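A note on names: the letters A, B, ... follow the listed sequences, proteins ahead of strands, and every chain is numbered from 1. Note that the structure is a prediction, hence the values are computed from the model and not measured. Note that these values count all heavy atoms, side chains included, but never hydrogens, waters or copies made by symmetry.
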Protein chains: 2
Amino acid sequence: MPGTVQSIERAAAILRMLAGGPGRLGLAEIARSLDLAKGTVHGILRTLQHVGFVEQDRGSGHYQLGAALLHLGTSYLDINELRSRSINWADPLAARSGEAVRIGTVLEGRVLVVHHVFRPDDTFQTLDIGTLLPLHATALGKVLLAYRAERPAADLDRYTHRTVVAAKELAAELERVREAGWGADVEEYTVGEAAVAAPIRGYGGLVVGAIGVSGLVERICDSRYRPQPKLVGYVRDAARAVSRDLGAARR
Amino acid sequence: MPGTVQSIERAAAILRMLAGGPGRLGLAEIARSLDLAKGTVHGILRTLQHVGFVEQDRGSGHYQLGAALLHLGTSYLDINELRSRSINWADPLAARSGEAVRIGTVLEGRVLVVHHVFRPDDTFQTLDIGTLLPLHATALGKVLLAYRAERPAADLDRYTHRTVVAAKELAAELERVREAGWGADVEEYTVGEAAVAAPIRGYGGLVVGAIGVSGLVERICDSRYRPQPKLVGYVRDAARAVSRDLGAARR
DNA sequence: GAGAGCGTTCGACAATGCCGAACGCCGTTC
DNA sequence: GAACGGCGTTCGGCATTGTCGAACGCTCTC
């Protein structure tokens, strides 16, 4: 691929560093991690600060992400077609299933949540939009993995005692997802919670996202830890409806 | 100020263009707007696409914001202190007032909404986090203007027949806000709606944000279009509480 | 079929970004 | 209190990188 602009790539790497980890980093630490001169990093940070993508804490001198990114992030949501087509189906799915609904796509080897409808009750919930979830340990992620050339990381993180961490076992699980046309995680990402997801296809039949419901394992699954067929049906119905909307939009 | 990295500034300008307007732009249009060569813009877009900040529509060739920005945007929210300190007071204010609550700060000469609590009822509402609002035509904006060296744009946009568009009138209005310690907009931004806001101060007493409630004008105001004193009190209480939290965090 | 405008590519060139070195400041240790 | 280490910042020389004009192929319109 022809050359890219090095300083923009470096700036993006700095922003990604700031988005991961503790959120605030010193210049020297960034320079060490990226193997760049401190003067180089300083020039990039000064520019990012100038455009509002980074802010510097006056006391500690540390850097953090800036406010301008919030507007860019939500502007992305406004034009994200997967999300705009899914919104109409996500609320009814939450109402019908009684569970929280999330829609995700792949970003940087993980699931990026682009829409989230709260479970329709009064419990305390936090909005997951913008969150990155693991591919191998979530229902959304398994579905996205199953239909992509995407390879999961060689080293799979364990989140609970039920997380699949062996590559062979994951491959077998993904085969099951392809056969069934839906995926699940049962206490593989969060203890006490389970989820079911199905693929959303775009123009030409490619999988561009996934939609799923999640909740307490005893509500999502029967006594033998299998997702309730009723819920699976609801999710697949919603996935098909969104897929139709996405396909139709391209005609 | 010492030199900044030109190509990063240009990349940021392109991203801001894509965030405004229709959301999808052609390369030639971006080049014209920024007075850059098409080859230059192409190199920058290719790099932004490579890092996930931009996507290209295969059919039309047009460019749009990319998924990576969503994660950066929400990561910013996670570390935004104004927001994290405000969250505890925003829900009670919504419950107490029965209205929607928003918290905002200044970005690019406008109000950036960093937190939004829905009005506690079942009406359809859309989440405003990440949205940019005008300074001169909103309660949040007037409060932020009143306590900043920030100058509003010379040319003030009109949103309703009640929008203040004369600089002198706005200056007088901001003087009133400073005197009263809170601001309001009564059908100045949205017909049929009114809002009340109060300043949130950070360490050293500087105004770093504003918190406000908004709703139908007949619920926010009395019959003479004056905000109800009870609501004003609730908002000011919440603003003081958040300000204390922000001040306390720096000790 | 001609023309206009698009996105893309390429190579020459000079402008810019990079980095080593040095600085002042701050916190820690002795 | 002095010394030390590591921080963020600044600066200037240099060569690498980014820029841009020109050309291309494609698509759409007339």
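- With sequence neighbours excluded, no residue satisfies side-chain contact (heavy atoms from CB on, under 4.5 Å) with B:Ala171.
- You'll find the side chain of B:Ile8 reaches within 4.5 Å of the side chain of A:Leu48, heavy atoms only.
- Legend: residues meeting ring pair (Phe, Tyr, Trp, His ring centres under 6.0 Å) with A:Tyr189, ordered by chain and number and at least two apart, are A:Tyr159.
- A straight line from CZ of B:Arg46 to C1' of D:dT17 spans 13 Å, rounded to a whole angstrom.
- Annotation: the terminal axes of the helix from C:dG1-D:dC30 to C:dC30-D:dG1 meet at 40°, where each axis is the rotation carrying the C1' atoms of four end pairs onto the next four (5 pairs per end, rounded to 10°).
- Distances shorter than 4.0 Å separate some side-chain N or O of A:His42 from OP1 or OP2 on D:dT9.
- Residues forming a ring pair (Phe, Tyr, Trp, His ring centres under 6.0 Å) with A:His116 (at least two apart in sequence, or on another chain): A:Phe118.
- Under the side-chain hydrogen bond (donor to acceptor under 3.5 Å, both in side chains) criterion, A:His115 pairs with A:Arg83, sequence neighbours left out.
- The OH-C1' distance, from A:Tyr63 to D:dC7, rounds to 11 Å in whole Å.
- As a whole-Å value, the separation of A:Ile14 CD1 from C:dC18 C1' is 13 Å.
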Protein proximity profile, nucleotides 18-30 of chain D - base contact B, sugar-phosphate-only contact S, no contact -, cut-off 4.0 Å on heavy atoms: SSB----------

Can you list, pair by pair, the side-chain donor-acceptor contacts under 3.5 Å of residues 9-26 of chain A, counting residues two or more places apart and other chains?
residue: A:Glu9; atom: OE1; partner: A:Thr4; partner atom: OG1; Å: 3.3
residue: A:Glu9; atom: OE2; partner: A:Thr4; partner atom: OG1; Å: 3.4
residue: A:Glu9; atom: OE2; partner: B:His50; partner atom: NE2; Å: 3.0
residue: A:Arg24; atom: NE; partner: A:Gln64; partner atom: OE1; Å: 2.8
residue: A:Arg24; atom: NH2; partner: B:Ile79; partner atom: O; Å: 3.4

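- Looking at residues two or more places apart in sequence or on another chain, you find a side-chain hydrogen bond (donor to acceptor under 3.5 Å, both in side chains) between A:Arg240 and A:Asp237.
- Residue pairs satisfying the salt bridge (charged side-chain N to carboxylate O under 4.0 Å, His left out) criterion with at least one member in residues 128-146 of chain B, sequence neighbours excluded, are listed as follows: B:Arg102-B:Asp128, B:Lys142-B:Glu173, B:Lys142-B:Glu188.
- Distance B:Arg58 CZ to C:dC6 C1': 19 Å, rounded to the nearest Å.
- Not counting sequence neighbours, the partners of B:Arg178 by the side-chain hydrogen bond (donor to acceptor under 3.5 Å, both in side chains) test are B:Glu175.
- Listed here is the closest heavy atom pair of A:Ala90 and A:Ile103: CB-CD1, 4.1 Å.
- For the segment residues 20-33 of chain A, residues with any heavy atom less than 4.0 angstrom from an atom of DNA chain D are, sorted by number, A:Gly26, A:Leu27, A:Ala28, A:Arg32.
- For B:Ala241, the side-chain contact (heavy atoms from CB on, under 4.5 Å) partners two or more places apart in sequence, or in a different chain, are B:Trp89, B:Arg244.
- Per the geometry, CG belonging to A:Leu34 stands 16 Å off C1' belonging to C:dG17, to the nearest Å.
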